[in-house]
Participant: 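Here it is: the structure, laid out below.
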There are 2 protein chains.
Amino acid sequence: MTTDAVGRDHEAVSQFVESFAAQLVEAGMQRMPARIFAALLSSDSGTLTSAELGEQLQVSPAAVSGGVRYLAQQHMVAREREPGSRRERYRVHSNQWYEALTNREAVIKRWEHALREGVNSLGPQTPAGRRMAETLAFFEFVDGEIAQMMERWRVRREELFGAD
Amino acid sequence: MTTDAVGRDHEAVSQFVESFAAQLVEAGMQRMPARIFAALLSSDSGTLTSAELGEQLQVSPAAVSGGVRYLAQQHMVAREREPGSRRERYRVHSNQWYEALTNREAVIKRWEHALREGVNSLGPQTPAGRRMAETLAFFEFVDGEIAQMMERWRVRREELFGAD
DNA sequence: CCTTAACTTCACAAGTTTCTGAAAGAAGCG
DNA sequence: CGCTTCTTTCAGAAACTTGTGAAGTTAAGG
């Protein structure tokens with residue numbers, strides 16, 4: 001097993017990056033953002049520069065740029081400028097990225113909006129309209145529940161891993 | 001507004017179907033399954049035949065076949081054979097399809113598996129390994145919470161809409 | 001058991017997405 | 001203020017996806 005000075009098994013890490021990225025793709029994320037994100041996740045510092053990403057993933061600077069833009073929009077990574085350099089570095093917030101995952105706030109709101117439209121188009125007293133109203137109620141319910149769940153997770157997390 | 005005998009506004013319904021489908025697409029679903037699903041959702045009986053779907057969505061039987069196969073695999077629709085006919089009909093279970101949505105059982109399990117691999121590849125005592133272990137714990141937590149949440153929803157649903 | 005209606009599969013064409021190289025755009029540093 | 005280094009934008013090529021028509025399969029009903 002080929003390891004570097006700090007004992008990192010590049011081969012195994014790269015394999016993990018690709019397989020985790022594949023899961024993200026399956027869940028609907030675009031390939032390049034997924035690979036970039038997985039690479040960041042498996043870096044010890046949680047940060048990588050654009051050049052490091054390009055190197056590790058064997059892609060052009062343009063691809064990194066595009067992928068990072070998407071991730072930043074989704075609040076899954078933060079961009080930081082290294083002081084005194086034109087180098088940008090991208091960071092995954094260890095204990096916050098998966099909160100972003102469940103924080104589908106915007107997505108859920110859009111669904112709720114579409115469903116409300118549906119209830120109106122179909123008529124609230126039609127069978128289809130009633131089905132839709134029920135679904136809408138479900139999303140409203142889930143919305144509130146998720147917030148509470150994340151609260152419980154923060155408590156739990158502290159128990160398991162100590163203060164943040 | 002053009003309506004049929006039972007007062008359905010085809011124009012408005014079709015518009016809803018397309019806009020709801022668009023939301024599903026945005027959330028990662030393929031276009032054809034999304035459109036088929038939205039059409040089923042907005043039908044009063046909750047069922048449509050292959051021919052009806054093709055007609056309403058203006059697509060070939062082959063496209064319907066492919067889309068339905070996907071939806072059936074995801075347990076979002078059930079196939080029923082009309083007795084005494086070669087006609088198949090597809091049904092959305094009004095109060096169960098969105099449970100399927102949250103029932104990402106298989107997806108979550110695969111993520112957990114990938115993360116476990118990650119912890120091993122990176123080493124549980126490395127910073128990256130620890131980050132991954134924390135994420136894994138999060139998914140395990142969510143897994144259990146969702147089950148409880150759905151239980152609460154069933155109670156809530158009964159309050160709101162009566163027994164099923 | 002043959003006919004026929006219905007669904008499925010498959011090869012391919014059209015459309016879309018994704019990545020690249022090249023050029024343009026910022027920003028540190030002399 | 002201009003040189004240099006890094007990032008972004010953009011047009012186009014390559015790869016992938018998606019939907020179609022046509023052929024193939026299944027099963028009802030005579």
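Naming: A, B, ... by sequence-line order, numbering from 1 per chain. Note: hydrogens, waters and symmetry copies are ignored here, and every other heavy atom, side chains too, is used. Since we're looking at a predicted model, the values are computed, not measured.
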Participant: Measure from the side chain of Val59(B), starting at C-beta and using heavy atoms only, and say which of dT20(D), dT8(D), dC7(C) lies closest.
Facilitator: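 Nearest nucleotide to the side chain: dT20(D).
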
Participant: Are OP1 or OP2 of dT7(D) and a side-chain N or O of Arg86(A) less than 4.0 angstrom apart?
Facilitator: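 Arg86(A) to dT7(D) OP1/OP2: no side-chain N or O under 4.0 Å.
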
Participant: Between C1' on dT20(D) and CG on Leu53(B), what's the gap in Å once rounded to a whole number?
Facilitator: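 It is 17 Å, rounded to the nearest whole Å.
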
Participant: So, Glu140(A) and Arg156(B), do they make that salt bridge, N to O below 4.0 Å?
Facilitator: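 Judged by the 4.0 Å cut-off on N to carboxylate O distance, Glu140(A) and Arg156(B) do not form a salt bridge.
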
Participant: Measure the distance from CG on Leu57(A) to C1' on dC19(C) and round it to the nearest whole Å.
Facilitator: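 In whole Å, dC19(C) C1' and Leu57(A) CG are 13 Å from each other.
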
Participant: Between Ala63(A) and Val64(B), who's closer to the 5' end of DNA chain C by nearest nucleotide?
Facilitator: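 Result of the comparison: Val64(B).
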
Participant: Name the residue closer to the 5' end of DNA chain D, choosing between Arg89(A) and Met32(B) according to the nucleotide with the nearest heavy atom.
Facilitator: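 Comparing both residues, the 5'-ward one is Arg89(A).
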
Participant: Under 3.5 Å, is there a donor on one side chain and an acceptor on the other for Arg89(B) and Thr49(B)?
Facilitator: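 Not at all, the side chains of Arg89(B) and Thr49(B) share no donor-acceptor pair under 3.5 Å.
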
Participant: Under 4.0 angstrom, heavy atoms only, what part of the nucleic acid is Arg35(B) near: base, sugar-phosphate, or nothing?
Facilitator: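 It contacts nothing in the nucleic acid.
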
Participant: Salt bridge or not for Arg131(A) and Asp44(B), using N-O below 4.0 Å?
Facilitator: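 No salt bridge links Arg131(A) with Asp44(B).
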
Participant: For dT9(D), does OP1 or OP2 lie under 4.0 Å from any side-chain N or O of Arg69(A)?
Facilitator: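 Yes, Arg69(A) has a side-chain N/O under 4.0 Å of OP1/OP2 on dT9(D).
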
Participant: Using whole Å, report how far CG of Leu71(B) lies from P of dC7(C).
Facilitator: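 In whole Å, dC7(C) P and Leu71(B) CG are 16 Å from each other.
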
Participant: Is there a side-chain polar atom (N or O) of Arg87(A) under 4.0 Å from OP1 or OP2 of dA26(C)?
Facilitator: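 For dA26(C), neither OP1 nor OP2 has a side-chain N or O of Arg87(A) closer than 4.0 Å.
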
Participant: Tell me whether the OP1 or OP2 atom of dT7(D) has a side-chain N or O from Ser50(A) closer than 4.0 Å.
Facilitator: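 Checking Ser50(A) against dT7(D): at least one side-chain N or O falls below 4.0 Å of OP1 or OP2.
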
Participant: Can you tell me how the ring of Trp97(B) sits relative to the ring of Phe20(B), calling it parallel under 30°, perpendicular over 60° and tilted otherwise?
Facilitator: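 Because their plane-to-plane angle is over 60°, the rings of Trp97(B) and Phe20(B) count as perpendicular.
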
Participant: Name the residue closer to the 5' end of DNA chain C, choosing between Ser85(A) and Gln30(A) according to the nucleotide with the nearest heavy atom.
Facilitator: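 Its nearest nucleotide being more 5', the pick is Gln30(A).
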
